[in-house]
2 protein chains.
Amino acid sequence: MGLDQGRRSIGARRNPDSADAILDAAEAVLVEAGYSGFSIEAVARRARAGKPTIYRWWPSKAALLFDVYQRLKRVDHPDTGNLEDDLVGFLKSLFSHWRETSSGSTFRSLIAEAQSDATVAAVLAEYTKGRHAHTGQMIERAKARGEVAADIDSTLVADLVASFAWTHLLTNRLDEDETTLRKAVGYLLKGIAADDAGSVGAAAVRRRRRRVIARTTR
Amino acid sequence: MGLDQGRRSIGARRNPDSADAILDAAEAVLVEAGYSGFSIEAVARRARAGKPTIYRWWPSKAALLFDVYQRLKRVDHPDTGNLEDDLVGFLKSLFSHWRETSSGSTFRSLIAEAQSDATVAAVLAEYTKGRHAHTGQMIERAKARGEVAADIDSTLVADLVASFAWTHLLTNRLDEDETTLRKAVGYLLKGIAADDAGSVGAAAVRRRRRRVIARTTR
DNA sequence: CGCACGAAACGGACCGTTTCGTTTCGCCGA
DNA sequence: TCGGCGAAACGAAACGGTCCGTTTCGTGCG
């Protein structure tokens with residue numbers, strides 16, 4: 001299910017060039033004019049496309065934003081064998097991706113849009129649920145290694161991590177330095193650590209950690 | 001400093017009835033039509049007021065929202081002598097206040113508005129900084145009691161708690177049950193606990209806790 | 001022919017501002 | 001103390017402008 005459900009799919013022969021031009025233009029407008037300047041008319045002007053063409057394929061502004069975001073999305077969910085490094089790495093990757101591509105503004109706009117459109121809110125909720133699953137897996141892996149207590153609610157922990165990320169995005173604090181990130185993750189991690197993995201053992205775990213090639217999710 | 005800085009202040013004799021009617025109308029419109037239906041024209045119609053009257057006193061939609069919010073704001077920062085209860089109580093109070101008054105929709109709208117208006121973002125940032133101070137004091141009190149480790153960054157912890165609250169507001173999850181709240185707070189708390197206040201000692205602390213009349217901040 | 005396209009124009013909503021004529025209120029002089 | 005005058009805030013209406021989402025047109029391509 002998605003925001004673009006309204007698109008005609010039977011017998012449609014959409015012009016791919018046109019669609020790309022529109023997505024390119026949407027991205028450009030968002031970067032140059034910001035969310036407040038992001039209108040279908042502006043995108044159409046920029047893409048030298050007609051408004052009906054946009055409306056034919058994207059039922060709403062949010063659907064267009066969503067496609068722009070998904071075209072850009074590329075975030076690491078590292079697997080280093082150590083949860084702290086995994087989480088800090090994930091957040092660093094996410095923040096820099098949000099900062100350095102138009103993906104940050106796009107996602108901010110989507111969240112803002114969701115505040116006035118229940119449909120967008122629903123799609124965004126489902127989407128983030130899927131995202132949380134990836135983070136949850138990082139925590140489950142740590143649980144399997146005995147790094148994290150077995151009775152920990154990994155969904156809730158993933159939610160806490162995501163909350164941290166969202167708030168930093170929304171309040172324009174994506175430039176947070178690694179020290180602060182590590183401190184925040186550290187507080188949380190100590191709170192969910194397995195009882196036999198005290199602060200002494202943690203150093204041992206870190207020494208033991210495998211360096212695994214980061215997995216990149218689409 | 002505020003969003004309403006533009007108001008005339010010298011020799012102004014604003015009609016208080018009119019101002020109240022406008023704030024009442026703004027609140028009503030927000031509740032009945034939601035953020036997407038919240039327009040200056042709609043508020044003016046509802047208040048049987050002229051648009052210029054609104055623009056005379058509030059330079060922007062956000063300034064009006066901000067005044068509506070501040071008129072409603074009333075959240076407990078409890079002091080029970082136990083940080084977990086303080087934080088859970090604070091969150092419960094905040095969530096129910098957001099849920100049961102128009103204050104939640106108003107704050108959501110403000111956050112959304114901040115995504116497209118840098119001025120609003122700045123004011124909101126300063127406002128939340130002030131709010132965080134209250135939460136920070138709860139943590140500092142716990143630090144003084146020896147409940148929390150001395151080297152903990154209470155600002156960062158307050159930030160984490162606020163992130164949790166914001167995200168729940170923005171994703172329409174203000175109905176979170178106390179168990180989940182307590183679990184989330186618990187994870188964080190164990191992470192920042194003083195070393196000599198292990199999970200065994202925590203129960204003792206809880207038994208020892210003072211029940212203090214909750215302080216209500218404006 | 002069928003269909004997607006760009007362009008143009010539609011009615012409608014809201015923006016922020018300007019121009020009206022009216023009402024309210026503070027001040028000041030009688 | 002009281003009456004009146006002027007300033008200021010008011011509601012209503014209308015302005016030009018932008019954007020909405022839709023409709024209509026002529027064009028071009030398969």
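Owing to the predicted nature of the structure, the values given are computational and were not obtained by experimental measurement. Convention: sequence-line order gives letters A, B, ...; per-chain numbering from 1.
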Problem - Shortest non-hydrogen contact from Leu72(B) toward Ser103(B) - result: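 The pair with the smallest heavy-atom distance is CD1-N, 3.6 Å.
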Problem - Side chain to side chain, Gln137(B) and Asp79(B), heavy atoms closer than 4.5 Å - result: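 Side-chain contact under 4.5 Å: no.
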Problem - Check: Ile111(B) and Gln115(B) side chains under 4.5 Å, non-hydrogen atoms - result: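 Result yes, sub-4.5 Å side-chain heavy-atom pair found.
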Practice task
Let me know the distance between CD1 of Ile40(B) and C1' of dA13(C), rounded to the nearest Å.
Solution key: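 Distance check: Ile40(B) CD1 to dA13(C) C1' gives 14 Å.
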Exercise for the section: In whole angstrom, give the distance that lies between atom CD of Glu41(A) and atom C1' of dC19(D). Expected result: 5 Å
Fill in the blank from the handout: DNA chain D nearest-nucleotide lookup for Phe38(A) and Lys51(B): closer to the 5′ end is Lys51(B)
Exercise for the section: Indicate whether OP1 or OP2 belonging to dC10(D) is found under 4.0 Å from a side-chain N or O atom of Trp57(B). Expected result: yes
Exercise for the section: Examine dC10(D): is either OP1 or OP2 under 4.0 Å from a nitrogen or oxygen in the side chain of Arg56(B)? Give yes or no. Expected result: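 So the side-chain polar atoms of Arg56(B) do come within 4.0 Å of the phosphate oxygens OP1 or OP2 of dC10(D), strictly under.
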Problem - Arg45(A) vs dC19(D): side-chain N/O to OP1/OP2 distance below 4.0 Å - result: yes
Problem - Salt bridge present between Arg182(A) and Asp177(A) (N-O < 4.0 angstrom) - result: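 Looking at Arg182(A) and Asp177(A), the cut-off is not met.
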Handout entry: OP1 or OP2 of dA9(D) under 4.0 Å from side-chain N/O of Thr53(B)
Key = no
Problem - Nearest-angstrom distance from the residue atom CD1 of Ile22(B) to C1' of dG11(D) - result: 11 Å
Problem - Interatomic distance where CH2 belongs to Trp58(A) and P belongs to dG21(D) [whole Å] - result: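 Atom CH2 in Trp58(A) sits about 15 Å away from atom P in dG21(D).
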Exercise for the section: Measure from OH on Tyr55(A) to P on dG6(C) and round the result to the nearest Å. Expected result: 15 Å
Handout entry: Nucleotide dG11(D), atom P - distance to CD1 of Ile54(B) in whole Å
Key = 9 Å
Handout entry: Of the listed nucleotides dT22(D), dC14(C), dA9(D), the one nearest the side chain of Pro52(A)
Key =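 Closest nucleotide among those given: dT22(D).
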